[in-house]
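It should be emphasised that the depicted structure is a prediction, and the values quoted were computed from it without experimental measurement. Numbers restart at 1 for each chain; the letters A, B, ... are given by sequence-line order, proteins then strands.
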Protein chains: 2
Amino acid sequence: MTSKLADIAEYTGLSISTVSRVVNGHTRKYRISDKTKDLILSAANELNYRPNALARGLRLKKSHSIGLVVPDISNPFFAFVTRIIQNYAHSSGYSLIVCNTDESIDSEKEQIELLLSKGVDGFIIMPVGIESAHIEELLKENYPMVLLDRCFESLNTNSVLVDNYMGSYTATEHLISLGHRDIAIILGLKNTYTTNERLRGYKKALEDHNIIVNSNYIVGKDYRIENGYIETKFLLNLETRPSAIFTTSDLITVGALKAIYEENLKISEDISIVAFDDSEFAPFLKSPLTAIRQPKEIMGEMAVKLLLADINSNKSDLEKSKIVLKPKLIIRESVSDKRVLAVI
Amino acid sequence: MTSKLADIAEYTGLSISTVSRVVNGHTRKYRISDKTKDLILSAANELNYRPNALARGLRLKKSHSIGLVVPDISNPFFAFVTRIIQNYAHSSGYSLIVCNTDESIDSEKEQIELLLSKGVDGFIIMPVGIESAHIEELLKENYPMVLLDRCFESLNTNSVLVDNYMGSYTATEHLISLGHRDIAIILGLKNTYTTNERLRGYKKALEDHNIIVNSNYIVGKDYRIENGYIETKFLLNLETRPSAIFTTSDLITVGALKAIYEENLKISEDISIVAFDDSEFAPFLKSPLTAIRQPKEIMGEMAVKLLLADINSNKSDLEKSKIVLKPKLIIRESVSDKRVLAVI
DNA sequence: TTAATTTGCGCAAAGGTTTGCACTAATATA
DNA sequence: TATATTAGTGCAAACCTTTGCGCAAATTAA
């Protein structure tokens, strides 16, 4: 059976105050004698004392837990980042309350409200992104928070991001450099910062190489496998089929692969692919995937580091950090070199 | 700014008790007049009232959160199950505190202790499995709990499992049926229920077909990619190389693939593979993977359902449910048919 | 020996909720 | 008219901690 401070106090004949101070290691500050300290400590051990975090949190207005809100924890990218965050948070003395929004803005609002109720000391949010009022609220109340992977242009928040524009530009330019001109992009959730940036990079790369952007080639509306599948089907059945597709997430890629093989096409030979997000499986696919790799470890660690700094700062200093990480193009074999054909 | 019951009481001129009863919907039971109710509700709205879950939890001895302890949340299998659990728990009014143990038994003990401190109403644990005393403790104290994916033979707990023995037997027999006789297995964490069961299924299948088990072919010690890589390297360099490898987890499989391609071998042609755990990417691999698929959705949902039942039961009834789900063999192309060669 | 200081610890309030019990005013019953 | 019910609220304790302040005993200084 677990006991409380009062039990130890009774057992040792000392007061609750003294017991509290000892179990919290404040013996120096309050000048508790070594004798008393040892007595209490062994009693605590004997009686199997376990602090009640609820009571402590109530009194201290500090719960030592942080709220993580993530769009889809089964997405490999988010799953990995979550693990990093959990590890790092734990080793800093914080627990993680994990909330999955399934990319629903209503769910996001509700979950944040819930986390607020639970008295989390701060938030790491990978927002859905189509609405920001509730986030702004948090900001106004000075809740420690960092936005991860996605942010809002209009909001001055702590955030750690990947340079989506550059990643997208690089991927697109890679295709162009290999002779592709009919390049499609399958986007994730509409009207979000991330999607906008990725689209911007794609368009800019095309423009910089004097390729006219074809609006038929810009498709997609969310990050699920189905979206990748449907849009790829659509693209493959266009009268002028693109020679390359840029899939902007892990799961979209899976859907695209499914559609491509269903149509009995060969990757690279018949259709080229570049993916945003590099999977563990990418090197071993039928056609090893050329992909944009995001620095996941760093993203997770950085987010926690920033959040802890925010939690431990006094609220008055308004310095927010916006950290932008560089993604990296990993070249494998899913893109054909069309220049060769031209030359020969 | 968020307010508390006392603020609403002051604002409306009513007592804290009444406010509490109204915001909790106990107006019938306590016969609060509609007038009072409306007054309080609109005041609550106006003052932006948010219940303090810490205080409530303290008073009620109920936190409406459940502790999830998982070995590695970045493993696709666990990530997926976690998502299901989170969704289902949330829709039942519970939050999830997620703890990652990285397969460390010490971490597991520590995290459980932490969750106990936080006053979780119950546990869903995917235990490391090499030690059970701390779990037994929980059981003795009648904490609501369900073990997921892995259990202990010696402990009578709620648990939802996959029939590892059968999955393993099926996989092995599939290989045998296609003419393989030199079959290796790469196991996960040693001395755990899951590993023991998988090994047992493997051995039994061999024995049932009069194939002598070769201890050189039984390798592996944990679930990481590195383990898969190292052990596969080892197997491939044996003087009598196995013709097939049974990899017992997603991540082990990734490691195995890496090793195989590094040795410039072709899957199926040079070496066959069957995997435990079916990945989204499995169909699109260079050699589409024949795999044992676990019913992940059901596992997650069932675990929550069992836990909630346990939480809501009175502690005296000791009925524990042990639910064993059947895995399924998904045949693709990573196994060669050696019978054909023999016949021709 | 007396006064001043230090040592070692306890009192009690505070943090926000919930709920059994009691209390007042209004209404119904006799 | 006097009494019993009922409707509608409030009091205060309890959940478990933490911590500013204060107090007695022990020690030191004068």
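Of the possible donor and acceptor atoms, none in the side chain of S159(A) sits under 3.5 Å from a partner among the backbone N and O of L147(A).
To the nearest angstrom, P of dT17(C) lies 8 Å from CZ of R56(B). The separation between K118(A) atom NZ and dT17(C) atom P is 15 Å, rounded to whole Å. Taking atom CZ on R50(B) and atom P on dG16(C), their separation rounds to 13 Å, with Å as the unit.
Residue K62(A) places none of its side-chain N or O atoms closer than 4.0 Å to OP1 or OP2 of dG15(C). The shortest distance between the side-chain N/O atoms of K4(B) and the OP1/OP2 oxygens of dG16(C) is below 4.0 Å.
Take K62(A) and apply the side chain to side chain donor-acceptor pair (under 3.5 Å) test, not counting sequence neighbours, and it matches Y94(A), D121(A). With sequence neighbours excluded, no residue forms a salt bridge (Lys or Arg N to Asp or Glu O under 4.0 Å) with R21(A). For E301(A), there are no salt bridge (Lys or Arg N to Asp or Glu O under 4.0 Å) partners, not counting sequence neighbours. In this structure R50(B) satisfies the salt bridge (Lys or Arg N to Asp or Glu O under 4.0 Å) test together with E113(A), sequence neighbours excluded. With sequence neighbours excluded, the residues that form a side chain to side chain donor-acceptor pair (under 3.5 Å) with S107(B) are Q111(B). Checked against side chain to side chain donor-acceptor pair (under 3.5 Å), T192(B) has the following partners two or more places apart in sequence or in another chain: T195(B). Here E297(B) pairs with F80(B), I84(B) under the side-chain contact (heavy atoms from CB on, under 4.5 Å) rule; sequence neighbours left out. Checked against side chain to side chain donor-acceptor pair (under 3.5 Å), D7(A) has no partners two or more places apart in sequence or in another chain. Residues satisfying the salt bridge (Lys or Arg N to Asp or Glu O under 4.0 Å) test with K109(B), not counting sequence neighbours, are E131(B).
Residues from residues 27-49 of chain B placing a heavy atom under 4.0 Å of any atom in DNA chain C, listed by number, are Y30(B), Y49(B). Contacts between residues 11-19 of chain B and DNA chain C, defined by a heavy-atom separation under 4.0 Å, are made by I16(B), S17(B).
Of all nucleotides in DNA chain D having an atom under 4.0 Å from a heavy atom of chain B, the first and last in 5' to 3' order are dA7(D) to dC16(D).
Closest-nucleotide positions on DNA chain D for R21(A) and A55(B) were compared, and the one nearer the 5' end corresponds to A55(B).
Atom CG of residue L138(A) and atom CD1 of residue I125(A) lie 5.5 Å apart, to the nearest 0.5 angstrom.
Among the protein residues, L60(B) comes within range of the sugar-phosphate backbone only, with heavy atoms under 4.0 Å from sugar or phosphate atoms but none that close to a base.
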